Amino acid sequence: MNKPDKLSGISSEVLSEIYDIRARLKRADFLYYVKDQPDISDADYDSMMRRLQELEAQYPQSISPDSPTQRVGIAPQSEFAEFEHRAPMLSLANAFAEEELRAFDDRCRRTLLLEPDESPQYVCEPKFDGLAVSLTYIDGMLSAGATRGDGYRGENITQNLRTVRSIPLDLKQNVKDIPSLIEVRGEIILTHDEFERINSERETTGEPTFANPRNAAAGSVRQLDARITASRRLTLFAYAVGACEGLEFANQYEVLCTLGDWGFKVNPDVRVCDSIDEVVGYVGEWGEKKDNLSYDVDGMVVKVNSFDLQTRLGFVARSPRWAIAYKFPSQQVRTQVNDIEVNVGRTGALTPVAILEPVLVGGVTVSRATLHNEDEIRRKDVRIGDTVVVQRAGEVIPEVVEVVKAERKGSEVEFVMPDHCPVCGADVVRESGEAVARCTGIACPAQIRETILHFASRAAMDIDGVGPALIDQLLNRQLIRDPADIYSLTVEDIEPLDRMARKSAEKAVNAITASKKVTLDRLIYALGIRHVGERTGAALAQRFGTLDALKAASVEEISKVPDVGPAVAASVAAFFSQPGNIDVIEKLRTAGIDPKVEARQESAIFAGKTIVFTGALQKMTRDQAQGMVFRLGGNPSSSVSGRTDLVLAGEKAGSKLDKAKSLGVPVVSEDEFLEMVSRAEDES
DNA sequence: CTGCCTCGAGTTCG
DNA sequence: CTCGAGGCAG
């Protein structure tokens with residue numbers, strides 16, 4: 001890690017002093033922040049830190065990213081870069097009751113074909129309520145830190161995480177071999193004391209206070225100015241390992257012990273249980289303990305200990321079958337139902353919403369809660385004027401749990417689903433067998449508004465600056481009537497509207513113009529065809545290639561698309577048989593919107609081949625590489641097996657490369673791959 | 001036909 | 001996040 005050539009010009013005495021102070025500060029950090037057993041006074045610590053800062057200021061070439069001085073935070077960034085996790089950060093399935101824990105155990109034992117008296121070992125640990133992050137160490141040095149994001153890509157918050165004292169900047173040597181690359185997963189939290197301190201400080205400066213420690217931790221980590229993060233004393237608890245090269249673990253418990261040895265703070269209350277009964281007992285113990293801690297615990301995580309067994313259990317969708325998160329019952333609060341309103345959605349669905357007397361639930365004011373549909377209201381027997389118990393489902397979305405019948409006075413009013421749309425007055429129908437009631441109005445203003453909003457939304461045409469406020473005004477002034485009209489708007493149309501300065505009008509028009517370059521999958525999704533969401537939009541785009549081809553397709557042809565059945569196909573065909581919709585499509589085309597899916601060259605070099613990428617790519621992103629493979633007829637995949645035809649190995653390729661070699665799968669370098677691609681593109 | 005599992009649609013608050 | 005419903009495997 002030393003680069004002697006860079007360090008020339010510093011005397012060896014100075015260098016050794018720098019290294020010595022760094023080592024002492026790191027040790028002090030570890031004892032203070034990880035072990036909670038400081039060995040030196042704060043004053044001594046501060047004076048060592050100042051001395052190191054002086055030396056580094058004098059010899060800037062000596063500064064390395066693992067120096068404790070780097071924890072104080074560096075200058076503001078403008079925004080966070082995207083960070084791709086090497087191994088995805090999965091979410092866990094939830095359990096809310098003992099029976100669900102037992103069902104989880106049954107499923108594990110059944111899948112593993114265990115005898116009735118056998119049980120896998122489970123590792124059970126309290127689940128902190130904070131935010132998950134991933135730390136990448138290369139050759140034992142902290143090289144990157146990122147938020148969880150969607151599990152596959154998060155934000156690169158390395159500078160902020162460097163300021164967290166319980167995160168080791170380098171892994172402690174001599175304990176266990178340091179892997180060449182490892183992703184350590186952990187939870188960033190704030191203690192109650194620190195949360196109170198930050199809030200009282202914000203109160204005196206007149207800043208808004210945080211609702212709860214979780215929000216405060218999340219807000220602190222996502223600061224663009226790492227110096228602010230440094231001023232909040234965040235804590236990291238490490239609990240898992242993602243990608244790891246050069247070291248194998250046998251089980252979860254070993255991972256936790258090793259993380260502890262390397263200098264991470266790990267959950268002190270981990271327990272290895274030999275049966276589900278023991279797990280249930282331990283979870284029960286914590287139901288009471290959790291409220292007496294100095295930090296928030298919102299549940300218990302239960303994992304199958306052995307990695308062999310984990311591999312055999314595998315995954316369902318986004319979550320592993322070998323772990324489950326038990327959630328403690330959430331905080332429940334009583335309040336009054338002042339009214340029940342009806343919302344009209346994009347598809348005409350009428351959704352009843354309870355208007356509540358505002359109450360604080362888990363630090364957030366709740367004033368509305370969806371009641372989903374008529375059946376749900378009947379089931380819970382919610383009436384206007386009732387006293388109800390509300391909670392925030394999954395700690396986020398408010399939900400009416402039950403009615404407090406004992407509080408009934410007799411003056412409560414039952415809810416009746418209106419038989420005419422509250423917005424346009426058209427008939428409301430509820431198809432037999434369906435739970436939702438729908439407005440049948442073909443020109444219902446509420447439906448049009450929602451359709452346009454959907455069209456402009458992020459996952460659709462992604463027109464930034466065109467939101468509800470602007471769309472409502474445009475509709476009121478009849479400047480637009482359907483989504484396509486957005487493309488005839490000018491700055492002069494928008495500028496005179498309320499809360500619209502020239503700047504925001506220009507921004508909106510620019511975003512509108514930029515959105516013309518959409519891809520076909522997004523455009524199909526944007527049209528708002530019933531039963532066609534993001535996934536189906538992509539599947540249809542892939543199959544038909546252009547909007548015209550989709551428009552011309554018969555129900556039978558549409559049904560051939562994977563995951564599209566009769567209901568979806570009929571809905572798509574019905575959409576294209578409406579003259580109004582054809583009109584919209586024509587207007588879009590006139591505006592220059594008519595994307596095509598780049599044809600897959602079926603005869604191309606990668607036709608029918610499965611190709612896997614491994615290691616860090618230097619000359620392109622993984623997305624770009626996968627796009628090239630796809631256009632040349634191949635199928636990008638993520639794991640090497642006997643069916644893999646080619647492996648592209650980038651820098652620091654690991655186990656996938658080994659596997660490819662052992663299976664005799666051809667391996668190419670990035671340069672060779674690019675050459676193959678460019679040769680193929682020249683020929684076509 | 002029945003049980004997954006996945007997807008779509010609607011929703012809350014700061 | 002939740003619920004409902006569509007698609008598909010067994």
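All values below were derived from every heavy atom in this structure, side-chain atoms included, with hydrogens, water molecules and symmetry-related copies excluded. In this text, all values refer to a predicted model and were calculated from it rather than measured experimentally. Every chain is numbered from 1, with letters handed out A, B, ... down the list of sequences.
- Ring-plane geometry between A/H454 and A/Y525 is classed as perpendicular, the angle between the planes exceeding 60 degrees on a 0 to 90 degree scale with a lower cut at 30.
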List, one per line, each side-chain donor-acceptor pair under 3.5 Å for residues 341-352 of chain A, sequence neighbours excluded.
unit_1 : atom_1 : unit_2 : atom_2 : d
A/R346 : NH1    : A/G528 : O      : 3.1
A/T347 : OG1    : A/R438 : NH1    : 2.8

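- DNA chain C is contacted by A/P566, A/A567, A/V568 of residues 566-575 of chain A, taking any non-hydrogen atom closer than 4.0 Å.
- Note on A/N343: every side-chain N or O is 4.0 Å or more away from OP1 and OP2 of B/dG10.
- Remark: P of C/dG7 and NE2 of A/H531 are 8 Å apart, rounded to the nearest angstrom.
- Partners of A/K127 by salt bridge (charged side-chain N to carboxylate O under 4.0 Å, His left out), not counting sequence neighbours, listed by chain and number: A/D298.
- Taking atom NZ on A/K560 and atom P on C/dC8, their separation rounds to 14 Å, with Å as the unit.
- Residues of residues 370-379 of chain A that place a heavy atom closer than 4.0 Å to DNA chain C, in numerical order, are A/H372, A/N373, A/R379.
- Proximity note for A/R530 (side chain, C-beta onward) versus B/dA9, B/dC5, C/dA5: the nearest is B/dA9.
- For A/R346, taking side-chain heavy atoms from C-beta onward, the closest of the listed nucleotides B/dC5, B/dA9, B/dT12 is B/dA9.
- The CD atom of A/E402 sits 7.0 Å away from atom CD of A/Q332, with the distance rounded to the nearest 0.5 Å.
- For the pair A/T347 and B/dG10, the criterion of a side-chain N or O lying under 4.0 Å from OP1 or OP2 is met.
- If you check every strand for non-hydrogen atoms under 4.0 Å, A/V564 touches sugar and phosphate atoms only.
- If you take CZ of A/R438 and P of B/dG10, they are 7 Å apart, rounded to a whole angstrom.
- Proximity of a side-chain donor or acceptor of A/N581 to a complementary backbone N or O of A/F575 within less than 3.5 Å is detected.
- Using a cutoff of 4.0 Å between basic side-chain nitrogens and carboxylate oxygens, A/K560 and A/E557 are not scored as salt-bridged.
- Regarding A/Y525, its OH atom lies at a distance of 11 Å from the C1' atom of B/dC7, rounded to whole Å.
- A/E534 places its CD atom 12 Å from the C1' atom of B/dA9, with the value rounded to the nearest Å.
- In this structure, CD1 of A/I558 is placed 17 Å from P of C/dG6, rounded to the nearest angstrom.
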Output a table of donor-acceptor pairs, distance under 3.5 Å, between side-chain atoms of residues 533-540 of chain A and any protein atom two or more places apart or on a different chain; print 'none' if there are none.
none

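- A/H531 pairs by the ring pair (Phe, Tyr, Trp, His ring centres under 6.0 Å) definition with nothing, not counting sequence neighbours.
- The phosphate of B/dT11 (OP1 or OP2) has no side-chain N or O of A/R368 nearer than 4.0 angstrom.
- Nucleotide B/dT11 holds its C1' atom 13 Å from the CD atom of A/E341, rounded to whole Å.
- Where A/D563 and A/V344 meet DNA chain B, the nucleotide closest to each residue was compared, and A/D563 sits on the side nearer the 5' end.
- Annotation: of the two residues near DNA chain B, A/V366 and A/A349, the 5′-most nearest-nucleotide partner is A/A349.
- Between the side chain of A/D386 and the backbone N or O of A/R383 there is at least one donor-acceptor pair closer than 3.5 Å.
- Distance CG (A/L453) to P (B/dT11): 12 Å, rounded to an integer number of Å.
- We find that A/R379 and A/D381 are not joined by a salt bridge, their nearest charged nitrogen and carboxylate oxygen being 4.0 Å or further apart.
- The phosphate of B/dC13 has neither OP1 nor OP2 within less than 4.0 Å of any side-chain N or O from A/T365.
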